[in-house]
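Letters go in sequence order (proteins before strands), and every chain restarts at 1.
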Amino acid sequence: MIDLRLLREDPDRVRASQRARGEDVALVDSLLAADERRRSSGTRFDQLRAEQKQLGKLIPKAQGEEKAELLKRTKELAEAVKAADGEQQAASDEAQRLLLQIGNLVHPEAPVGGEEDFVVLEQHGAPRDFAAEGFTPRDHLELGELLGAIDTERGAKVSGSRFYYLTGVGALLEFALVQAAISQAVAAGFTPMLTPNLVKPAAMAGTGYLGQVEDDVYRLEKDDLYLVGTSEVPLAAYHMDEILEANRLPLRYAGFSSCYRREAGSYGKDTRGIFRVHQFDKVEMFVFTTPEEAEAEHQRLLAWEKQWLSSLELPFQVVELASGDLGSSASRKFDCEAWIPTQGKYRELTSTSNTDSFQARRLNIRVRDTEGTRPLATLNGTLCAVTRTIVAVLENHQQADGSVRVPEILRPYLGGREVLEPLTPASAK
RNA sequence: GGAGGCGUCGCCUAGUCCGGUCUAUGGCGCCGCACUGCUAAUGCGGUUUGGGCUUUACCGUCCAUCGAGGGUUCAAAUCCCUCCGCCUCCGCCA
């Protein structure tokens, strides 16, 4: 959530941010009104309650008629206090409800616009010229099947569309990617974390995933738990309701978890292969730091993502997303998009967001330093989303005979193997 | 899943049976000041968190906060109910 104090002092800034996001600007005025009601009813409650407490203290000492009179008065006060409390509660709930609907303040540098208005910041490497090499590239599913690495047919049989099995070298490739990614993160000072895949509503709401994207989240109604769409959720909520000493910051965590996404509203999009699936594994970076350090940390997260994709020898570009495509929590977001040869496009492989103190406010996470106790900043960034990375690696490193060259960074985790070879027809099923 | 115990302002802890004197005790830690060649020791003061009012700082003041939420009462850490978490035992189990 945004800072209520800032909203009172500079409502125009919040209005402008809402407008840039393409979200409801009128929320701002409804919230200002509710906040005003909350404060005035709160003041009344405080006064009545103070009077009630004072009189209440006299009762044990009073006698006879004086006591009867006091009891009568305090009984009336008790009623009034209860009523005022109700009003305050209602106004406060209303203000909170509205506050939670307002998106994070858009960063001044973020381009204004919708999904199409992203800005390409950098390009790394160059797409291969398969025509010049004399063959037509196979897509990742075809390659995956040749290698005995990906089985989507049986995934669909067992679990439905957008499910898959990683088999043989496919499974080994995932473990190699995860180990390489975790190694990079640990070398950079991150604490590796294995996190719960099921979380309570407070964790989900606190990270901002129960707003516009709620339909994309799996919910287990019987237990009132959610399947996480990213380990960002359990990592952010790890310090929920805590006050962290400034000298412990930054706290950098590298989480590994499965990620579950309903992909509601993406019917017909990316239906082939494992580019867009309901379940995949991911190594995610998550940082708790001070608001002053947030921007610099965001650049560091982006740098670690670039390092990772470069080490996989993938051609990619860095884009900055426009204001309308930030999601409710991010003030600024960069994606790294890898070249997918058979699509002839760059596609998102990683994404890093600066959520500033937006999630920390919702999750009640603060830092204590000389400035006092105040919300801290949280940031997140993908290190390796396994399935999409497999897509990119297979397609970009394929060879004419259907084999795939293993990037050097992964070789130690694949028993030194330099090439993944297609299964012989005899051993294929 | 069954039975029992526990949850107090950083940590430990008193208070809960029997409601008001709780403005929540004491110790440890921490912060400030004093004293002292330095350190240590000692003394004094401070030390939950949130909200309101005071100009949004300082100072001051009021309210809420004893795991969470309800209830009873003039009055709840204390009595009642529901929920959450932890511990012990039993059962089941990767």
Go ahead and name the base partner of [N]; Watson-Crick or wobble counts if both distances stay under 3.5 Å, otherwise write none.
N	value
B:U88	B:A3
B:U25	none
B:U61	B:G52
B:A40	none
B:A75	none

State whether the side chain of [X] and the backbone N or O of [Y] hold a donor-acceptor pair below 3.5 Å, judged by distance alone.
X	Y	result
A:Glu395	A:Thr342	yes
A:Arg21	A:Gly327	yes
A:Thr382	A:Ala385	no

Could you tell me how far apart [X] ([atom1]) and [N] ([atom2]) are, to the nearest whole angstrom?
X	N	atom1	atom2	answer
A:Leu244	B:G10	CG	C1'	13 Å
A:Arg361	B:G50	CZ	C1'	14 Å
A:Asp241	B:G50	CG	P	12 Å
A:Glu245	B:U49	CD	P	10 Å
A:Met240	B:G85	CE	C1'	12 Å
A:Arg248	B:G10	CZ	C1'	12 Å
A:Gln96	B:G50	CD	P	15 Å
A:Asp224	B:C84	CG	P	11 Å

Which word best sums up how the rings of A:Tyr260 and A:Tyr218 line up, parallel for under 30°, tilted for 30 to 60°, or perpendicular for over 60°?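 It falls in the perpendicular class, over 60°.
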
Do A:Thr230 and A:Lys282 meet the criterion of a side-chain donor-acceptor pair at a distance under 3.5 Å? yes

I'd like to know if the side chain of A:Arg37 pairs up with that of A:Ser41 as donor and acceptor (distance under 3.5 Å, no hydrogens or angles considered). no

If I pick the [atom1] atom on [M] and the same atom on [N], what distance separates them, to the nearest angstrom?
N	M	atom1	result
B:C79	B:G19	P	9 Å
B:U78	B:U73	C1'	13 Å
B:G32	B:U13	P	29 Å
B:A41	B:U36	C1'	10 Å
B:U21	B:C12	P	27 Å
B:C22	B:C83	C1'	27 Å
B:U72	B:C84	P	23 Å
B:C38	B:G46	C1'	26 Å

Side chain to side chain donor-acceptor pair (under 3.5 Å) contacts in which one or both residues fall within residues 188-198 of chain A, not counting sequence neighbours: none

Restricting to pairs with a member in residues 158-176 of chain A, which pass side chain to side chain donor-acceptor pair (under 3.5 Å), not counting sequence neighbours?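 Every candidate side chain to side chain donor-acceptor pair (under 3.5 Å) pair involving residues 158-176 of chain A fails, so no pair, neighbours aside, qualifies.
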
Note: for A:Gln89 and A:Gln52 on RNA chain B, the residue whose nearest nucleotide lies more 5' is A:Gln89

Need to verify one output field. Residue with the more 5' nearest nucleotide on RNA chain B, A:Lys75 or A:Arg39? A:Arg39

Just the table, please: protein N/O against nucleotides 58-64 of chain B N/O, every pair under 3.5 Å.
{"from": "B:C63", "atom 1": "O2'", "to": "A:Asp46", "atom 2": "OD1", "distance (Å)": "2.8"}
{"from": "B:A64", "atom 1": "OP1", "to": "A:Arg49", "atom 2": "NE", "distance (Å)": "2.3"}
{"from": "B:A64", "atom 1": "OP1", "to": "A:Arg49", "atom 2": "NH2", "distance (Å)": "3.0"}
{"from": "B:A64", "atom 1": "OP2", "to": "A:Lys53", "atom 2": "NZ", "distance (Å)": "2.8"}

Tell me the salt bridge (charged side-chain N to carboxylate O under 4.0 Å, His left out) pairs involving residues 218-228 of chain A, sequence neighbours left out? A:Arg219-A:Asp224

Just checking [X]: base, sugar-phosphate only, or nothing, at a heavy-atom cut-off of under 4.0 Å?
X	value
A:Gly56	base
A:Lys82	sugar-phosphate
A:Arg366	sugar-phosphate
A:Ile243	sugar-phosphate

N/O donor-acceptor pairs under 3.5 Å from side chains in residues 261-271 of chain A, not counting sequence neighbours:
{"from": "A:Arg261", "atom 1": "NE", "to": "A:Gly229", "atom 2": "O", "distance (Å)": "2.9"}
{"from": "A:Arg261", "atom 1": "NH2", "to": "A:Gly229", "atom 2": "O", "distance (Å)": "2.8"}
{"from": "A:Arg262", "atom 1": "NH1", "to": "A:Asp215", "atom 2": "O", "distance (Å)": "2.5"}
{"from": "A:Glu263", "atom 1": "OE1", "to": "A:Ser266", "atom 2": "OG", "distance (Å)": "3.3"}
{"from": "A:Glu263", "atom 1": "OE1", "to": "A:Arg276", "atom 2": "NH1", "distance (Å)": "3.1"}
{"from": "A:Ser266", "atom 1": "OG", "to": "A:Glu263", "atom 2": "O", "distance (Å)": "2.7"}
{"from": "A:Asp270", "atom 1": "OD1", "to": "A:Arg347", "atom 2": "NH1", "distance (Å)": "3.1"}
{"from": "A:Asp270", "atom 1": "OD2", "to": "A:Arg276", "atom 2": "NE", "distance (Å)": "2.9"}
{"from": "A:Asp270", "atom 1": "OD2", "to": "A:Arg276", "atom 2": "NH2", "distance (Å)": "3.0"}
{"from": "A:Asp270", "atom 1": "OD2", "to": "A:Arg347", "atom 2": "NH2", "distance (Å)": "3.1"}

Please list, by residue number, the residues of residues 7-17 of chain A whose heavy atoms come closer than 4.0 Å to an atom of RNA chain B; answer none if no residue qualifies.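 Going residue by residue through residues 7-17 of chain A, the ones with a heavy atom under 4.0 Å of RNA chain B turn out to be A:Arg8, A:Glu9.
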
State whether A:Glu145 and A:Arg154 are salt-bridged, where the test is any N-O pair (Lys NZ or Arg NE/NH1/NH2 against Asp/Glu carboxylate O) under 4.0 Å.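 So A:Glu145 does not pair with A:Arg154 through a salt bridge.
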
